[in-house]
Amino acid sequence: MSKPKKPKKLDRKAFKSIFLRLCTYIFKYWYLFIPAVILTLVSNQLSLLGPKFSGDAIDAMAKKGNVNFNSVTDNIIKMIICYVLSSVLSYLLASLMIFISQKIVFTMRKQLFEKLTSLPVGYFDTHPTGDIISHISYDIDTINSSLSHDLVQIMTSVYTVIGSLIFMWNISKPMILVFAVTVPASIIFTRYHSKRVRPLFHTRSKKLGELNGYAEEMLSGCRTIKAYAREDEIGNRFNKRNTDSMDAYYKADYHGCTMGPTVNFINNLSISLVMILGGILYLYSQNGVAKAGSLFFITLGGVSQFVQYSRKFAGPINEFANIINELQSAFSAAERVFKIIDEEPEKTDIPNALLLDNVNGEVEFKNVVFGYTPDKTILKDISFAAKSGKTIAIVGPTGAGKTTIINLLMRFYDVNSGTITVDGTEARDITRKSLRKAYTMVLQDTWLFCGTIYDNIAYGRENATEDEIKAAAKAARIDKYIEALPDGYNTVLTDDGINISKGQRQLITIARAMIANSQMLILDEATSNVDSRTEIKIQEAMAELMKGRTCFVIAHRLSTIQNADLILVIKDGKITESGNHNQLLHSGGFYSTLYNSQFN
């Protein structure tokens, strides 16, 4: 049995880099962060004054036969005021930090989504959607939790520890020696434990992303799973990933949770030693062994003050040990988020790239060679010319490279060698935006967003009028269906239009293509989800639409491309046949065989 791979460690340099990067987000809102720091200082200072007034009240009562009630009352009132004001300021601080954290998370999520929209299509071809969604939701929520709560705790802890140490130094210097042993013990343990736990939290985030990716993939294919009765197998695969995720969570949380109790034990031990040593020094002071003003002299109120300050001193150290666990998770999440933000965006256009205006629609492939990976070539020396206003059909077996040609037309990928020209201009010399706006795509896999039918059709062209929207729907043979709905064109489509049939979704996307005023069309099995009768009507409408436009059609149903001006047969990444329908039938090649197999 092979040993599992050790998780990748987040080294000190990377940890420091992530920390500094998170700080840049905080400093962006310095005008909010500075008041937060001031609130922290004032709130903790008031909290630190409480034990002083408490100790003074005890000393005022400890005088034999001469209790100073006025002093006791004054100190108690001062103590109550300090604690009340400290609580109010702490509440304001917490509210402000939540507001700051939401600002930061908004900025980070905005940057992440903008980066995702700028990434090349190839990134989404190689990264599961569920894992990407996990970055946007879980990882950023984890960072938010750490910024809104842990940051406040850290600021409070630092000030409280330093302030408590100063007060304890003024009360009794010998008693501080206790912490000379316990504090280094806590620090050494915390540093050792952090190095051990940090990679576990990184693995935890990774496993959750894998689980989300698998769940998203399986849910999107639930019909297929049920059709093949593979629920048990899919469930077992999910359970395996769920178990891996659970084990990663358990290991991270188990080892993380051991830090708090251990540090708490050390701190409780230090407080116990402080109380023992304070009691001894107080007895010496009462018996006259330690004179007033000497190094070892201490009053009962002084012992009380020191014990309270020692608890304030030890408490943040214990809390900080627990905070480190959350910081490990937050830093691992931040690393995953920053990894996407640092991804190379889609290559920028070359300097002085041309805008594609007044498109004629003449496209030519010249000796194009392309592969998604260096070790596998998909297209091999592809050459053809598409004249303006002509229809080019691309057929061939699955995996031959038909969709790859479409990806190259849209510049989702760039060719390895050879050239693609549009109206005589090399595609790489044209801005991507203007090139892609020159095309309209209708794909086999429909995409509709949550919104009205009207909005989904109008997505094809921003300034489309209502009459144009209805004309496009009529041309796509979907107008009667829409008008029969209770809300007509204002009917809201749910996520990806799952509340209507697949064929109707396809018709709406065709209407969207019709409303777009593009000179070139790309149709990838655009009528694959409609019945034969509807297909004929759509073909009639699309024939009218396609007049005067350059069209690239990928089709498996050869009945839809019989009128194409040029049919390219792609096989094993090469053009093996080309010509119109009649020419290819008479040639007796692959196209003829494929056509006869469909109609005989």
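Nothing here was measured: the structure is a model prediction, and the numbers come from that model.
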Peer 1: Under the side chain to side chain contact (heavy atoms under 4.5 Å, CB included) criterion, do Leu507 and Tyr481 qualify, and how do the steps go?
Peer 2: CA-CA 10 Å; Leu507 291 171; Tyr481 168 77; over 6 Å; no
Peer 1: If you count the non-hydrogen atoms of other residues, nucleotides and ligands that lie under 6.0 Å from OH in Tyr459, is the total more than 12?
Peer 2: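 Not more than 12 within 6.0 Å, no.
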Peer 1: Check whether Thr593 reaches the backbone of Gly589 with its side chain - one donor and one acceptor, N or O, closer than 3.5 Å.
Peer 2: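 Checked: pair present.
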Peer 1: Find the distance between OG1 (Thr509) and CD1 (Ile478) and round it off to the nearest 0.5 Å.
Peer 2: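 Between atom OG1 of Thr509 and atom CD1 of Ile478 there are 9.5 Å.
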Peer 1: What orientation do Phe331 and Phe19 show, parallel under 30°, tilted 30 to 60°, or perpendicular over 60°?
Peer 2: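 Judged by the thresholds at 30° and 60°, the geometry between Phe331 and Phe19 is parallel.
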Peer 1: Could you tell me which non-hydrogen atom of Gly389 sits nearest to which non-hydrogen atom of Thr550, and how far apart they are?
Peer 2: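 So the two residues come closest at N-OG1, 3.1 Å.
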Peer 1: Give a yes or no answer on whether the side chain of Glu426 reaches the backbone of Thr419 with a donor-acceptor pair at less than 3.5 Å.
Peer 2: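 Side chain of Glu426 to backbone of Thr419: no pair is present.
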Peer 1: Donor-acceptor check, side chain of Arg336 to backbone of His135, threshold 3.5 angstrom: yes or no?
Peer 2: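 Such a contact is absent between Arg336 side chain and His135 backbone.
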Peer 1: Looking only at atom types and distance, does a side-chain atom of Ser518 sit under 3.5 Å from a main-chain N or O of Lys437, one as donor and one as acceptor?
Peer 2: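 Checking the backbone N and O of Lys437 against the side chain of Ser518, a donor-acceptor pair under 3.5 Å is found.
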Peer 1: Is there side-chain contact between Asn407 and Phe370, with heavy atoms separated by less than 4.5 Å?
Peer 2: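 When only atoms from C-beta onward are counted, Phe370 and Asn407 do not touch, as no gap falls below 4.5 Å.
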Peer 1: Please work out which of the three classes, parallel, tilted or perpendicular, describes the rings of Tyr591 and Tyr595, given edges at 30° and 60°.
Peer 2: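 Geometry flag for Tyr591 against Tyr595: parallel rings.
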Peer 1: Is a side-chain N or O of Lys115 found less than 3.5 angstrom from the main chain of Glu343, in a donor-acceptor match?
Peer 2: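 Present.
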Peer 1: When the ring planes of Tyr489 and Tyr454 are compared, do they come out parallel, tilted or perpendicular, using 30° and 60° as the limits?
Peer 2: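 Taking Tyr454 first and then Tyr489, their aromatic rings stand perpendicular (interplane angle over 60°).
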Peer 1: Flag yes if more than 12 heavy atoms outside Asn463 fall under 6.0 Å of its CG atom; otherwise flag no.
Peer 2: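 Yes, CG of Asn463 has more than 12 neighbouring heavy atoms, counting only those of other groups under 6.0 Å.
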Peer 1: Would Ser332 and Arg204 satisfy side chain to side chain contact (heavy atoms under 4.5 Å, CB included), going step by step from the backbone distance to the final call?
Peer 2: CA-CA 9 Å; Ser332 295; Arg204 188 181 82 166; over 6 Å; no
Peer 1: What's the spacing between Thr243 OG1 and Asn236 CG if we round to 0.5 Å?
Peer 2: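 Going from the OG1 atom of Thr243 to the CG atom of Asn236 covers 10.0 Å.
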Peer 1: Just jot down the salt bridge (charged side-chain N to carboxylate O under 4.0 Å, His left out) partners of Arg109, sequence neighbours excluded, or say none.
Peer 2: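 For Arg109 the salt bridge (charged side-chain N to carboxylate O under 4.0 Å, His left out) partners, ignoring immediate neighbours, are Asp141.
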Peer 1: Could you measure the distance from the CZ atom of Phe113 to the CD1 atom of Ile136? Nearest 0.5 Å is fine.
Peer 2: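 Reported to 0.5 Å precision, the distance equals 6.5 Å.
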Peer 1: Is the shortest side-chain heavy-atom distance between Arg432 and Asp349 below 4.5 Å?
Peer 2: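 SC-SC contact between Arg432 and Asp349 confirmed.
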Peer 1: Given 3.5 Å as the limit, does a donor-acceptor pair link the side chain of Asp487 with the main chain of Asn490, or not?
Peer 2: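 Not confirmed, Asp487 side chain does not pair with Asn490 backbone.
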Peer 1: Quick check: closest heavy atoms across Gly451 and Asn456, and the distance to 0.1 Å?
Peer 2: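 In this case the closest contact between Gly451 and Asn456 is O-ND2, 3.8 Å.
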Peer 1: Checking Thr373 against Asp375: is there a side-chain donor and acceptor pair closer than 3.5 Å?
Peer 2: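 There is such a pair between these side chains.
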Peer 1: Quick check: does any side chain N or O of Arg436 sit under 3.5 Å from a backbone N or O of Arg411, one acting as donor and the other as acceptor?
Peer 2: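 Checked: pair present.
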Peer 1: Tell me, do Ile482 and Thr491 make a side-chain contact under 4.5 Å, heavy atoms counted?
Peer 2: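 Side chain of Ile482 against side chain of Thr491, heavy atoms only: no contact under 4.5 Å found.
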Peer 1: To the nearest 0.5 Å, what is the distance between CZ on Phe552 and CG on Leu409?
Peer 2: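 Phe552 CZ to Leu409 CG: 5.0 Å, rounded to 0.5 Å.
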Peer 1: Nearest heavy-atom pair of Leu356 and Ile430: which atoms, and what distance?
Peer 2: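 Leu356 and Ile430 have their closest heavy atoms at CB-CG2, 3.8 Å.
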Peer 1: Pick one: which of Thr404, Thr377, Asp125, Asn416 meets side-chain hydrogen bond (donor to acceptor under 3.5 Å, both in side chains) with Tyr372?
Peer 2: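 Among the candidates, only Thr404 passes.
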Peer 1: Between Ser383 (side chain) and Asn367 (backbone), is there a donor-acceptor pair under 3.5 Å?
Peer 2: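 Such a contact is found between Ser383 side chain and Asn367 backbone.
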Peer 1: Where the side chain of Ser245 meets the backbone of Asn242, is there a donor-acceptor pair that is under 3.5 Å apart?
Peer 2: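 No, because the side chain of Ser245 does not come within donor-acceptor range (under 3.5 Å) of the backbone of Asn242.
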Peer 1: Taking the side chain as every heavy atom from C-beta outward, state whether Leu584 and Phe590 have any pair of such atoms under 4.5 Å apart.
Peer 2: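 They are not in contact (no side-chain heavy atoms under 4.5 Å apart), so the answer is no.
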Peer 1: For Asp455, what residues pass the side-chain hydrogen bond (donor to acceptor under 3.5 Å, both in side chains) criterion, not counting sequence neighbours?
Peer 2: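 For Asp455, the residues satisfying side-chain hydrogen bond (donor to acceptor under 3.5 Å, both in side chains) (neighbours in sequence not counted) are Thr452.
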Peer 1: What are the two closest non-hydrogen atoms of Val395 and Lys402, and how far apart are they?
Peer 2: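 For Val395 and Lys402, the tightest heavy-atom pair comes out as C-CD, 3.6 Å.
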Peer 1: Which pair of heavy atoms, one from Gly418 and one from Val415, lies closest together, and at what distance?
Peer 2: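 Closest approach of Gly418 to Val415: O-CG2, 3.4 Å.
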Peer 1: Please report the C-alpha distance between Leu116 and His127 in whole Å, then the side-chain angles of each, then the deciding distance to 0.1 Å, and finally whether the side chain to side chain contact (heavy atoms under 4.5 Å, CB included) criterion is met.
Peer 2: CA-CA 12 Å; Leu116 287 171; His127 291 78; over 6 Å; no
Peer 1: Using side-chain heavy atoms (C-beta onward) and a distance below 4.5 Å, is Ile378 in contact with Tyr413?
Peer 2: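 The answer is no, as the side chains (C-beta and beyond) never meet within the 4.5 Å cut-off.
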Peer 1: For Phe338 and Tyr25, take the angle between the two ring planes, folded into 0 to 90°, and tell me which bin it lands in: parallel under 30, tilted 30 to 60, perpendicular over 60.
Peer 2: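 It falls in the parallel class, under 30°.
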Peer 1: Does the distance from a Lys or Arg side-chain N to an Asp or Glu carboxylate O, for Lys339 and Asp139, drop under 4.0 Å?
Peer 2: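 No, no charged N to carboxylate O under 4.0 Å.
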Peer 1: Within the side chain of Ser388, is there an N or O that forms a donor-acceptor pair under 3.5 Å with the backbone of Asn360?
Peer 2: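 Yes; judged by distance alone, with no hydrogens or angles, the pair exists.
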Peer 1: Would you indicate whether the side-chain heavy atoms of Ile453 and Leu493 approach each other to under 4.5 Å?
Peer 2: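 The answer is yes; the side chains approach within 4.5 Å.
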Peer 1: Quick check for you: to the nearest 0.5 Å, what is the distance between Leu408 atom CG and Leu379 atom CG?
Peer 2: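 Reported to 0.5 Å precision, the distance equals 6.0 Å.
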Peer 1: Do Leu112 and Ile140 make a side-chain contact, defined as non-hydrogen atoms from C-beta onward lying under 4.5 Å apart?
Peer 2: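 Contact flag for Leu112/Ile140 side chains = yes.
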Peer 1: Roughly how far, to the nearest 0.5 Å, is CZ of Arg241 from CZ of Arg237?
Peer 2: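 Reported value, rounded in 0.5 Å steps: 7.5 Å.
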Peer 1: Tell me the closest heavy-atom pair linking Met108 and Leu22, and the distance in Å.
Peer 2: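 So the two residues come closest at CE-CD2, 3.9 Å.
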Peer 1: Quick one: does Ile457's side chain get under 4.5 Å of Ile508's, heavy atoms only?
Peer 2: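 Yes; the side chains approach each other to less than 4.5 Å.
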Peer 1: Going through the distances and angles, do Asp423 and Gln519 end up as a side chain to side chain contact (heavy atoms under 4.5 Å, CB included)?
Peer 2: CA-CA 12 Å; Asp423 292 345; Gln519 182 60 28; over 6 Å; no
